[in-house]
Amino acid sequence: MRVRFSPALTGALDIGGARTALLNHLIASRGGALVLRIEDADPTRTMSGAEDALLADLRWLGITWSEGPDAGGPYAPYRQSERTDAHASHLAELTASHAAYRCFCTAKAVAAERAEDEKAGGASRCHDTCRALSSEESEARASAGEPYAWRFAVPVAETVLWEDAVQGEISVRSEDIGDFVLADSDGTFTRVFASWADDVDMHIALVVRGDGDISMTPRQILLSRAAGVEPLAYGHLPSVTSPDGAPLCESVGHTGITELRDTGYLASAVVEYLALLGWSDPDDRENPTLSDVEQAFSLDRVSKAPCVHDPERLRTINARHLRALPHDALVRTLGAYMSRPPGWADFDALFEAARDEVVVASDIVTIADFVVSRPSQLSLDAEAHAALVVVSAALEAADPGSYNGEALVGRIRRKLKAAGLQPNVGLEALRIALTGQESGLPLTALLSIMGVAEALIRIDSTQVDTHRARKR
RNA sequence: GCCCCCAUCGUCUAGAGGCCAAGGACUCCGCCCUUUCAAGGCGGCAACAGGGAUUCGAAUUCCCUUGGGGGCACCA
């Protein structure tokens, strides 16, 4: 199946756009091709640098295309802004067969008529005045320099019907469509038209896009009929909204793909999340891989209802993917977020110890900081401090150069027991003395990384707070 | 205002007339494991939007209401 992804460069790729791209990729991956086409026809809406960022985001996700602005292909160019000649020739065909006509109404007049129409109900349309013009008169006014737009002459009293690949059968009456604009008075082709022309020229078999574009479909089917080409198949994906119900693009959260990557999400996690958003695996696997999804995907299992982006779920999936990483990949991933501080022996051990702790890779910064920087101004209640004295004694009796956390914790525990104290109290106090935190990396790891000497320095700097009641 | 689409736990969803006093996953809460923190294991809370109709029987079909989404441009 030949499919395409054709984003406008109005902003960064977000969760919604990435999902559309991914689903197209999934369809293409089962014997087909994905065409990447950039819809940059409107320069005022196109952000500079957006194309490079888009391609980078797509590549990072593992979405591949066989034809595109970077890759070229048999139907190049793949930027809409460079295809105006092709658009013009399609328009010429339509005007030759009188499927399109010049409309001399000003934008203002049309808007006024529309306001009237809305009061009465029904679709807006240029009233038939221009459509009824003879070709001689139309010609004459045009050569006299009167500005005009090209409109498509929508057939009257017809119903356009198609089997939408995700929504099922959809039918639209032609009177609800109105004669839409193909090219505006300054010669710019509209998106419905340009995108239809490109899909036809690039031999796209199935158009899968967001349901915001659903209203373009009956128009494009009509265009195909008028041009005498076989109408394409269409499928419209339900929208993704942000947790507060607002449209995704307007929400403030972390929905940009670039942002997710920079924060330390793994591409595999984002892909799994995206695939499972509005689609369910027929085999009900809990952690499907990309290839599982590629093999099992079909559009008929895509939900028709709009769905809500759930950042918490994405985080959970990411934490799971991080935990499953091989050692080297983990070190590489986490290491990218911090430089190794000098004077610390085995920092890889820290990465490994943090494995179960990190949700997104950038979390390593905070986690490592508790290990690297000494906590300041710590004061402990009397009971904890008493236990800490025993802990301290145990460490002093150990080899000062020891980094064997396992053995050290065992030794501390024995000493605490021998002193008639609850081992837990001492170990918790030790954790706080070392990092200032009540939770965090395993103590064994902490001692393995900082060693006896550093641990003793931190313990010695704590103070007793006699006024402070012991918590819990 | 008009047109179209959609509606199952808080979220993502399973569900094609009897297998459903509705199943899974995430979150949350307990318990277990444990030399601390996690992870892990086990268990729990939690939904068919409301009302009619069809049927022996409805989450599943139909209608209305409500709610949500999209569209109605010389925007991409």
Side-chain angles (χ1 to χ4, degrees), chain A residues 6-10 39-46 80 103 105-108 110-111 114 117-126 147-151 164 167-168 170-173 175-178 180-188 190-192 194-195 210-216 218 236 238-239 241 243 245 247 273 276-282 284 286-287 301 303-317 319-320 323 353-357 406 409-410 412-414 416-417 423-431 435 437-446:
Chain A
S6 60
L9 297 178
T10 50
E39 303 217 332
D40 58 350
D42 183 350
T44 61
R45 283 181 176 251
T46 298
Q80 203 157 64
C103 174
C105 303
T106 61
K108 217 174 171 182
V110 174
R114 231 193 92 212
D117 283 344
E118 284 193 8
K119 260 187 231 156
S124 80
R125 58 193 334 170
C126 165
Y148 61 88
W150 285 103
R151 279 182 190 273
D164 193 278
Q167 308 282 339
I170 298 182
S171 68
V172 180
R173 294 185 304 272
E175 51 274 33
D176 288 331
I177 296 174
F180 53 96
V181 172
L182 266 21
D184 64 28
S185 52
D186 62 15
T188 312
T190 59
R191 189 164 74 114
V192 231
S195 141
D211 68 0
D213 290 340
I214 208 162
S215 65
M216 299 209 302
H236 294 89
S239 53
T241 61
Y273 172 76
L276 260 21
L277 189 63
W279 177 80
S280 58
D281 180 3
D284 202 28
E286 279 185 23
N287 320 324
R301 287 187 72 84
S303 155
K304 296 188 197 178
C307 49
V308 179
H309 167 52
D310 181 1
E312 197 48 49
R313 184 183 173 82
L314 176 55
R315 283 170 58 80
T316 306
I317 293 175
R320 199 183 70 225
R323 247 177 274 130
R355 169 178 229 117
D356 293 337
E357 210 78 21
E406 205 68 41
V409 170
I412 291 164
R413 202 180 146 73
R414 282 192 301 278
L416 284 163
K417 266 187 179 155
N424 290 6
V425 174
L427 291 169
E428 280 167 22
L430 174 59
R431 167 182 296 285
T435 66
Q437 300 295 305
E438 288 175 358
S439 66
L441 264 27
L443 269 179
T444 48
L446 242 24

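Order of the sequence lines sets the chain letters (A, B, ...), proteins ahead of strands, with each chain counted from 1.
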Any side-chain heavy-atom pair of A:Y273 and A:R315 under 4.5 Å: no

Would you check if A:I412 and A:K417 make a side-chain contact, meaning some heavy-atom pair closer than 4.5 Å? no

Rounding to an integer number of angstrom, what distance separates [N] and [M] when you compare their [atom1] atoms?
N	M	atom1	result
B:C19	B:U27	P	31 Å
B:G30	B:A16	C1'	38 Å
B:C26	B:G41	P	9 Å
B:U65	B:C3	P	12 Å
B:C6	B:G23	P	26 Å
B:U61	B:C48	C1'	15 Å
B:A53	B:G57	P	12 Å
B:A21	B:G1	P	42 Å

Nearest atoms (heavy-atom pairs only) where [X] meets [Y]:
X	Y	result
A:K304	A:P238	O-CB, 3.6 Å
A:D164	A:I170	CB-CD1, 4.0 Å
A:I177	A:P218	CD1-CB, 3.8 Å

If [N] has a Watson-Crick or G-U wobble mate with both distances under 3.5 Å, name it; if not, just say none.
N	value
B:A7	B:U66
B:G1	B:C72
B:A59	none

Length of the line joining [X]:[atom1] and [N]:[atom2], which is rounded to integer Å:
X	N	atom1	atom2	answer
A:D164	B:G70	CG	P	17 Å
A:L182	B:A73	CG	C1'	14 Å
A:L9	B:C75	CG	P	19 Å
A:D281	B:G15	CG	C1'	15 Å

Name the nucleic acid region contacted by [X], choosing base, sugar-phosphate or nothing; use a 4.0 angstrom heavy-atom cut-off, strictly under.
X	result
A:T190	sugar-phosphate
A:G210	nothing
A:S239	sugar-phosphate
A:R301	sugar-phosphate

Run the side-chain hydrogen bond (donor to acceptor under 3.5 Å, both in side chains) test against A:R191 and tell me which residues pass, sequence neighbours left out. A:D213

Could you pull out all residues at least two apart from A:D281 that satisfy side chain to side chain contact (heavy atoms under 4.5 Å, CB included)? A:W279, A:D283, A:R285, A:P288, A:A296

Considering residues at least two apart in sequence or located in another chain, which fulfil the ring pair (Phe, Tyr, Trp, His ring centres under 6.0 Å) criterion with A:F180? A:F152

Mind checking salt bridge (Lys or Arg N to Asp or Glu O under 4.0 Å) for A:R431 and listing every partner two or more places apart, or none if nothing turns up? none

Could you give the distance from CD1 (A:I214) to CD (A:Q167), rounded to the nearest 0.5 Å? 5.0 Å

Would you say a side-chain N or O of A:S215 is under 4.0 Å from OP1 or OP2 of B:G70? no

With B for base contact, S for sugar-phosphate-only contact and - for none (protein heavy atoms under 4.0 Å), nucleotides 24-42 of chain B reads -BSS-------BBBBSS--

Anything under 3.5 Å between a protein N or O and an N or O of nucleotides 3-6 of chain B, put it in a table, one pair a line.
from: B:C5; atom 1: O2'; to: A:Q167; atom 2: OE1; distance (Å): 3.4

Short side-chain to backbone donor-acceptor contact, A:D356 and A:R323, under 3.5 Å: no

Between A:G212 and A:A149, just flag the one whose closest nucleotide in RNA chain B comes earlier from the 5' side. A:G212

